[in-house]
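For reference, the structure discussed in these notes is given below.
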Amino acid sequence: MLEKIFRLKENKTTVKTEVIAGLTTFMTMAYIIALNPNLLTGFGAEGANLWNGVFLATCIASAVGMFVMAFVANKPFAMAPGMGLNSFFAVVVANIVSLTGMSYLESFQSALCIILVEGIVFVILSVLNIREKIVDAIPLGVRLGIAPAIGMMLMNIGIGSNAGVYSDAGGPFYAMRDFFGSLTAGLAKDTMGSGYAAMVLTVATMFIGLFIIVILAQKGVKAAVILGMLAASIIYWIGEAIFLHVNPFASLAGASFLPPFQDMAATTLFKFNFSGFVRIGGFTVVTLIVTFCIIDMFDTIGTLVGTASRAGMLDQNGKMPKMKEALLADAVGTVVGSATGTSTVTTFVESASGVEAGGRTGLTALTTGIVFLACMFFAPVAAVIPAAATSSALIYVGVLMLTGLKNVHFDDMAETVPVALMLIAMPVSGSIGHAIGIGLISYTVIKLFIGKAKDVSVLTYVLSAIFLLKFFLVA
């Protein structure tokens with residue numbers, strides 16, 4: 001049955017490989033299950049009921065998006081509420097509170113209307129092939145730079161912001177900025193206070209895990225990433241117990257394994273506040289919808305193109321088969337997310353870890369989606385996976401995605417400059433979409449002023465203009 005649905009032999013893969021790839025993807029993005037409700041509710045400041053509602057919405061909307069990706073597109077990409085977009089959503093909710101005087105919950109439910117409209121717009125654009133045409137409008141030179149730029153972003157997340165340490169001196173403290181960025185070890189210790197020991201354990205764990213993954217991969221072990229993460233997790237747990245005198249599994253003792261469906265029904269499930277939505281104001285609503293659409297569209301496009309490029313799923317013209325269906329998955333996920341209670345659902349860059357583990361079909365996405373649903377019952381178990389272990393995988397996959405630079409024509413400045421800008425813009429801005437926008441603008445401007453304006457398609461000019469408006473004029 002699985003062979004018939006996912007065409008495993010045709011894609012040169014097996015059930016075992018796909019399941020391992022799905023689990024690998026899950027482990028690298030499991031953080032979103034707790035982080036998303038944290039960000040959308042002020043780390044629980046808005047009450048446990050809303051937190052629980054967003055938590056369940058995160059699991060359900062992500063799973064639905066991945067099921068569409070699995071059965072309709074047959075691609076190995078995972079989905080969840082997008083980082084950056086969720087932070088922006090939280091800011092929007094706070095602004096609605098200030099603008100209208102409504103409570104945070106009422107404002108939250110009003111903002112869900114914006115996500116609903118965005119999702120419906122994306123469903124329509126996907127069905128009409130308009131989103132696919134936008135993908136095709138991205139010049140091949142820019143497309144070639146997306147995967148390496150995502151690699152830089154993954155490494156920046158892995159060694160930069162994924163594993164934060166808190167202490168009596170504050171925090172979070174990060175490996176690259178506060179450990180490697182300190183002039184001396186003594187200064188780092190003084191800055192981090194009691195968190196220094198945890199930082200040393202974190203840094204040691206992520207690099208030991210990385211080296212284990214590299215060694216296993218060089219020996220041809222297909223499950224290298226997930227085995228490396230498991231080894232790193234064990235190392236971290238042992239280190240916590242011996243050096244930090246902390247029980248790594250203490251959180252499991254009083255944990256609840258029953259999904260809080262009652263809280264979700266009371267706060268987020270189909271709780272669209274259309275009266276509050278109207279109070280926001282027409283111009284503001286349109287601006288917010290357009291902003292969400294632009295960021296989500298190009299984040300998803302960038303992730304799909306970049307990861308598919310690494311997996312060898314692009315044809316000779318740099319196009320991915322069934323792109324329309326893959327784009328439809330995040331649109332459906334976003335609609336479901338608005339109905340259940342979370343911000344925009346998008347394709348996750350961590351999908352690259354599953355692809356690197358051998359995932360080539362929708363069975364990978366299906367596996368990740370099933371585990372996301374299971375987390376409604378076993379979320380405390382996912383919470384014990386140390387961030388240092390996921391950092392090992394993110395750094396490794398990021399390095400691998402850099403190999404795509406070999407396809408860039410560095411003798412052509414119209415191609416080199418956009419790629420170089422994306423390489424720095426993606427990790428620094430934290431936005432795949434914004435980096436692509438910078439790449440498109442630079443490509444268009446260079447082509448225009450070197451007398452090759454005809455090489456640029458009309459839609460590329462339009463996209464460049466839209467990004468210029470977004471960056472400089474839209475309030």
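Starting from 1, each residue takes its place in the sequence as its number.
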Exercise. Is there side-chain contact between F277 and L112, with at least one heavy-atom pair below 4.5 Å?
Worked result: no
Just list the side-chain donor-acceptor pairs under 3.5 Å for residues 170-181, sequence neighbours left out, or say none.
residue, atom, partner, partner atom, Å
R177, NH2, P172, O, 2.9
D178, OD2, Y174, N, 2.7

Problem set entry | Contact check, side chains of F26 and T367, non-hydrogen atoms, under 4.5 Å | no
Exercise. Which heavy atom of P259 sits nearest a heavy atom of L56, and at what distance?
Worked result: CB-CD2, 4.0 Å
Seminar exercise, completed: Interatomic distance, CG@L2 vs CG@L366, rounded to 0.5 Å, equals 8.0 Å
Exercise. Given the rule in the side chain to side chain contact (heavy atoms under 4.5 Å, CB included) test, do R360 and T364 qualify, once you have shown the distances and angles that lead to the verdict?
Worked result: CA-CA 7 Å; R360 292 296 181 271; T364 294; over 6 Å; no
Seminar exercise, completed: Separation between OG (S338) and NZ (K271), nearest 0.5 Å, reads 14.5 Å
Exercise. Does any N or O in the side chain of N273 come within less than 3.5 Å of the main-chain N or O of E106, such that one atom is a donor and the other an acceptor?
Worked result: yes
Problem set entry | side chain to side chain contact (heavy atoms under 4.5 Å, CB included) assessment of L40 paired with F89 | CA-CA 7 Å; L40 296 189; F89 181 89; 3.6 Å; yes
Exercise. Between the main-chain N or O of T340 and the side-chain N or O of T268, is there a donor-acceptor pair closer than 3.5 Å?
Worked result: yes
Problem set entry | T14 vs T17, side chain to side chain donor-acceptor pair (under 3.5 Å): CA-CA, chis, key distance, verdict | CA-CA 5 Å; T14 64; T17 298; 3.0 Å; yes
For this session: Using a cut-off of 6.0 Å, state whether more than 12 heavy atoms not belonging to F270 lie near its atom CZ.
Result: no
Exercise. Can you tell if the side chain of F348 reaches within under 4.5 Å of the side chain of I32, non-hydrogen atoms only?
Worked result: yes
Problem set entry | Heavy-atom check, side chain of V349 versus side chain of T307, under 4.5 Å | no
For this session: Tell me yes or no: between the side chains of D330 and T346, is some donor less than 3.5 Å from an acceptor?
Result: no
For this session: In sequence, state the C-alpha distance, the side-chain angles, and the governing distance for T390 and N162, and then conclude on side chain to side chain donor-acceptor pair (under 3.5 Å).
Result: CA-CA 8 Å; T390 61; N162 184 55; 2.7 Å; yes
Exercise. For P321, does its backbone N or O pair with a side-chain atom of K75 as donor and acceptor, under 3.5 Å?
Worked result: yes
Problem set entry | Minimum heavy-atom distance P248-W237, with the two atoms named | CB-CD1, 3.5 Å
For this session: Could you tell me whether a side-chain N or O of Q109 sits under 3.5 Å from a main-chain N or O of T267, the two making a donor and an acceptor?
Result: yes
Exercise. How about E3: does its CD atom have over 12 heavy atoms from other parts shown lying under 6.0 Å from it?
Worked result: yes
Exercise. Are any non-hydrogen side-chain atoms of L304 and L327 less than 4.5 angstrom apart?
Worked result: yes
Exercise. Looking at V332 and V64, what are the two nearest heavy atoms and their distance?
Worked result: CG1-CG1, 4.2 Å
For this session: Answer yes if the side chains of N36 and T342 hold a donor-acceptor pair under 3.5 Å, and no otherwise.
Result: yes
Exercise. How close do L39 and S87 get, heavy atom to heavy atom, and via which atoms?
Worked result: CD1-OG, 3.9 Å
Exercise. Between T368 and G22, is there a donor-acceptor pair closer than 3.5 Å when you use the side chain of the first and the backbone of the second?
Worked result: yes
Problem set entry | Short side-chain donor-acceptor distance under 3.5 Å, T347 and T303 | no
Exercise. Any chance the side chains of S343 and N86 put a donor and an acceptor closer than 3.5 Å?
Worked result: no
Problem set entry | L269 CG to Q262 CD distance, which is reported to the nearest 0.5 Å | 12.5 Å
Seminar exercise, completed: Interatomic distance, CE@M192 vs CE@M199, rounded to 0.5 Å, equals 5.0 Å
For this session: Would you confirm whether S391, through its side chain, and G158, through its main-chain N or O, come within 3.5 Å as a donor-acceptor pair?
Result: yes
Problem set entry | Check: E18/T361 side-chain N/O donor and acceptor closer than 3.5 Å | yes
Exercise. Can you check whether M264 reaches N52 side chain to side chain, under 4.5 Å on heavy atoms?
Worked result: no
Exercise. With a 3.5 Å cut-off and no angle check, do the side chains of E350 and Y31 form a donor-acceptor pair?
Worked result: yes
Exercise. Where do F6 and N11 land on the side chain to side chain contact (heavy atoms under 4.5 Å, CB included) test, with the steps shown first?
Worked result: CA-CA 9 Å; F6 299 111; N11 288 282; over 6 Å; no
Exercise. When rounded to the nearest 0.5 angstrom, what distance separates NZ in K324 from CG in L125?
Worked result: 12.0 Å
Exercise. Would you say the side chains of R131 and S126 form a donor-acceptor pair under 3.5 Å?
Worked result: yes
Exercise. Looking at V345 and G333, what are the two nearest heavy atoms and their distance?
Worked result: CG2-O, 3.4 Å
Exercise. S351 side chain to A78 main-chain N or O, any donor-acceptor pair under 3.5 Å?
Worked result: yes
Exercise. How far does CE of M229 sit from CE of M27, to the nearest 0.5 angstrom?
Worked result: 4.0 Å
For this session: Examine the side chains of T202 and T205 and answer whether a donor and an acceptor come within less than 3.5 Å of each other.
Result: no
For this session: Using distance alone, with no hydrogens and no angle criterion, decide if E118 and T344 have a side-chain donor and acceptor under 3.5 Å apart.
Result: yes
Exercise. What pairs with S62 under side-chain hydrogen bond (donor to acceptor under 3.5 Å, both in side chains), at least two apart in sequence or on another chain?
Worked result: none
For this session: Could you tell me whether the side chain of L116 reaches within less than 4.5 Å of the side chain of F274, counting heavy atoms only?
Result: yes
Exercise. Can you tell me if CZ on F243 sees more than 12 non-hydrogen neighbours from other groups inside 6.0 Å?
Worked result: no
Problem set entry | Where A365 and M69 come nearest, the two heavy atoms and their spacing | CB-CG, 4.2 Å
For this session: Could you tell me whether the side chains of N38 and W51 share a donor-acceptor contact shorter than 3.5 Å?
Result: yes
For this session: Check the pair L99 / N95 against side chain to side chain contact (heavy atoms under 4.5 Å, CB included), numbers first and verdict last.
Result: CA-CA 6 Å; L99 182 67; N95 288 340; 5.9 Å; no
Exercise. Side chains of F55 and T58: closer than 4.5 Å at any heavy-atom pair?
Worked result: no
Problem set entry | K322 NZ: over 12 foreign heavy atoms closer than 6.0 Å | yes
For this session: List in chain and number order the residues that pass side-chain hydrogen bond (donor to acceptor under 3.5 Å, both in side chains) with T100, two or more places apart in sequence or in another chain; answer none if no residue qualifies.
Result: none
Exercise. How are the rings of F88 and F292 set to each other: parallel, tilted or perpendicular (split at 30° and 60°)?
Worked result: tilted
